[in-house]
Amino acid sequence: MRKPIIIANWKMYKTRAEASAFCQAFLPLIEGQEKVEAVICAPFTQLDVLASELKGSGVGFGAQNFYPVAEGAFTGEVSLPMLQEIGVQYVIIGHSERREIFHEDDSLIQQKVQAAYAAGMQPILCVGEHLEQRDNGQTVSVCSGQMLSAVEGLTEEQMKTLIVAYEPIWAIGTGKTATAADAEEVIGALRQAIAEKYGREVADCVRFQYGGSVKPENISELMAQPDIDGALVGGASLKPESFSQLILYK
Ligand code: PGA
């Protein structure tokens, strides 16, 4: 059984004070729920705030980026041991905003996945296609190419714990959601690509999220799809009310 996992991606939003206020409003709204693994991925400066505010709540927290070397002359970067020192367990890797704006390529993303596993952290690997690629019928080949390149060299045991977020770029922050059926079709194909390379048992353990304009109005239909195990949420994760409604989806 794959546990549903819903992750807030706060991107570059919220001050420390706002992060703290969010947690104080959010935690009572979801108290007692155990159905969903809930995680908040915040900018670096808020991670220690989350460490203290979320302590004992069962809600995890993660970083949105890191550099895959323990230490060194890498001005402006943050390493995994530095994140682990404050209790970070999850890391987003390969988000389309990092691929596009910060020119992260498949080789760096592969190094990051390797580094995350070596450090015992939980990677959330993002893949997704441009609208033009979708229109050309390349969605599955683009996304499976990104995914299989990122996981190169992982063991079967590591593969089983992987989380992959399928985020069509044209659906991020645009209000345009892939239909639940479209998302299921792509994610089903990605699971099949893993089955072909690593076997059905491994493929059945991998958790797939959909991301791109997920909101309280569409979460239930997405989560009802057999291959969709969760959501990676930007805009709708910024307010305690809407993020709690996502966690408590029916
Ligand atoms: P969105 O962002 O929910 O605001 O579309 C999703 C993401 O980029 O992870």
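Whatever order the structure lists them in is the order used to number ligands and atoms, beginning at 1. These numbers come from a predicted model, not from an experiment.
By the 4.0 Å N-to-carboxylate-O rule, Lys3 lies too far from Glu37 to be salt-bridged with it. Between Glu53 and Arg16 no salt bridge is recorded (no basic side-chain N to carboxylate O distance below 4.0 Å). Salt bridge present: Arg191 and Asp229 bring a charged side-chain N and a carboxylate O closer than 4.0 Å.
Protein heavy atom closest to atom 9 (O) of ligand 1, with residue, atom name and distance, is Glu167 OE2, 2.6 Å. Among all non-hydrogen protein atoms, the one lying nearest atom 3 (O) of ligand 1 is Gly234 N, 2.8 Å.
Side chain to side chain, Trp170 and Glu129 meet the donor-acceptor criterion of an N or O pair below 3.5 Å. For the residue pair Gln114 and Gln110, no side-chain donor N or O sits within less than 3.5 Å of a side-chain acceptor on the partner.
Using a 4.0 Å cut-off between heavy atoms, Ala171 contacts ligand 1 through its backbone alone, with no side-chain atom that close. Proximity of Asn9 to ligand 1, defined as any heavy-atom pair under 4.0 Å, is confined to the side chain (atoms from C-beta onward).
The closest approach between any non-hydrogen atom of Gly212 and ligand 1 is below 4.0 Å. Taking a 4.0 Å cut-off on heavy atoms, Lys215 fails to register as neighbouring ligand 1. Heavy atoms of Gly173 come nearer than 4.0 angstrom to ligand 1 in at least one pair.
Near His95, with a cut-off below 4.0 Å to any heavy atom, the atoms of ligand 1 are 7 (C), 8 (O), 9 (O).
For Gln209 (side chain) and Ile5 (main-chain N/O), a donor-acceptor pair under 3.5 Å exists by modelled atom type.
When the heavy-atom distances from atom 4 (O) of ligand 1 to Ala231, Ser96, Gly235, Ala236 are ranked, the shortest goes to Gly235.
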